[in-house]
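Note sheet for the following structure.
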Amino acid sequence: MPQLALYTFGVLKSPLADPAPLTRELHASGAAVYPKISQHPGYLARAEAANRDRGTHFDLDWGAWGEFAVPTWYGKGRTVETIALDATLSLWTDLRPAFDAIYTGLHREALNRRYDWFERTGHPNYVFWWVCDGAIPTWQDGVSRLEHLHDHGAAPHAFTFHHSFAPDGTPTRIKGTGPKSDQVR
């Protein structure tokens, strides 16, 4: 049975190392959200670094999830002092559980604050695609799908909640999914 891969990417207004209150709020939000998301029905796994305390996203060992990668349009730093991004890569059983996890509870509260923490880049901030059961998507897979979504719009290869596709490539829509703002223009 195919599984749903989800890659998210956002450019932060300030570096992760910034001690300002907004950055601390972002860290606190993530620390609370990730454990809740991982308990949600339909959640399968997410990329987690084996050596989390040894550098930036780019220096970490992500195991089967591959080498960390970012979209070509990310132009901020890559050092501990300058890195200003947040990215996730996860696997789900289907669109509905992913939607329910993302648009309810603590994650919904965090989404309501996203413009406090993240820049508006004009690029999509997430992308879905289907993978074969047992396959582990890589960071580079996520980046290439996000860039494809930006360049070509939603397709079975790369899609959003608002413009989604079933594993067989047919357009699908689950009632009440996604805000209008996730349309790619």
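Along the sequence shown, the residues carry numbers beginning at 1.
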So how far is it from Trp139 CH2 to Ser144 OG, rounded to the nearest 0.5 Å? 13.5 Å
Side chains of Leu16 and His57, heavy atoms from C-beta outward: is any pair under 4.5 Å? yes
With a 4.5 Å cut-off on side-chain heavy atoms, are Leu12 and Leu26 touching? yes
How far apart are the closest heavy atoms of Pro15 and Ala84, and which atoms are they? CA-CB, 3.9 Å
Please collect all side-chain hydrogen bond (donor to acceptor under 3.5 Å, both in side chains) contacts where either partner lies in residues 14-33, sequence neighbours excluded, each pair once. Ser14-Asp18, Ser14-Thr23, Glu25-Arg113
If two hydrophobic side chains count as joined below 4.5 Å and joins carry through other members, does Phe58 share a cluster with Leu60? yes
Is there side-chain contact between His107 and Lys36, with heavy atoms separated by less than 4.5 Å? no
So NE2 of His148 and NE2 of His150: to nearest 0.5 Å the spacing works out to 13.0 Å
Modelled atom types, side-chain donor and acceptor of Arg173 and His162, under 3.5 Å: yes
Restricting to side chain to side chain donor-acceptor pair (under 3.5 Å), what partner residues turn up for Trp92, sequence neighbours left out? Ser90
How far does NE2 of His157 sit from CH2 of Trp130, to the nearest 0.5 angstrom? 15.5 Å
Write down the atom of Val127, the atom of Ala158, and the distance for their closest heavy-atom approach. CG2-CB, 3.6 Å
Euclidean distance, Asn125 CG relative to Thr160 OG1, rounded to 0.5 Å: 10.0 Å
Nearest atoms (heavy-atom pairs only) where Phe161 meets Ser164: O-OG, 3.6 Å
Any salt bridge linking Arg96 with Asp100? Criterion: basic side-chain nitrogen under 4.0 Å from a carboxylate oxygen. yes
What orientation do Tyr126 and Phe128 show, parallel under 30°, tilted 30 to 60°, or perpendicular over 60°? perpendicular
If we ignore hydrogens and angles and just use 3.5 Å, is the side chain of Asp59 paired with the main-chain N or O of Thr56 as donor and acceptor? yes
Mind checking whether Pro71 and Phe9 have side chains closer than 4.5 Å, heavy atoms only? yes
Nearest heavy atoms of Thr82 and Arg78, plus distance in Å: OG1-N, 3.3 Å
Considering only heavy atoms from C-beta outward, does the side chain of Pro2 approach that of Val131 to under 4.5 Å? no
Identify whether NZ of Lys or CZ of Arg in Arg120 sits under 6.0 Å from the centre of the six-membered ring of Tyr115 and within 45° of that ring's axis. yes
pair Arg108-Ile102: side-chain heavy atoms closer than 4.5 Å: no
Mark yes or no for whether Thr8, through its side chain, and Thr88, through its backbone, hold a donor-acceptor pair below 3.5 Å. yes
Output for pair (Tyr7 OH, Leu146 CG), nearest 0.5 Å, gives 6.0 Å
Close side-chain approach of Leu95 and Leu4, heavy atoms under 4.5 Å: yes
Which residue pairs pass the side-chain hydrogen bond (donor to acceptor under 3.5 Å, both in side chains) test with at least one member in residues 65-76, sequence neighbours excluded? Thr72-Glu147, Trp73-His123, Lys76-Glu119
Count I, L, V, M, F, W, Y as connected when their side-chain heavy atoms are under 4.5 Å apart, and connections chain through other members. Are Leu44 and Tyr34 then in the same cluster? no
For the student: nearest non-hydrogen atoms of Pro35 and Ser38, plus distance: O-OG, 2.9 Å
Kindly indicate whether the side chain of Leu85, heavy atoms from C-beta on, has any atom under 4.5 Å from the side chain of Phe68. yes
Rounded to the nearest 0.5 Å, the CD1 atom of Ile37 sits from the CG atom of Leu106 at a distance of 8.5 Å
Between Trp117 (side chain) and Leu22 (backbone), is there a donor-acceptor pair under 3.5 Å? yes
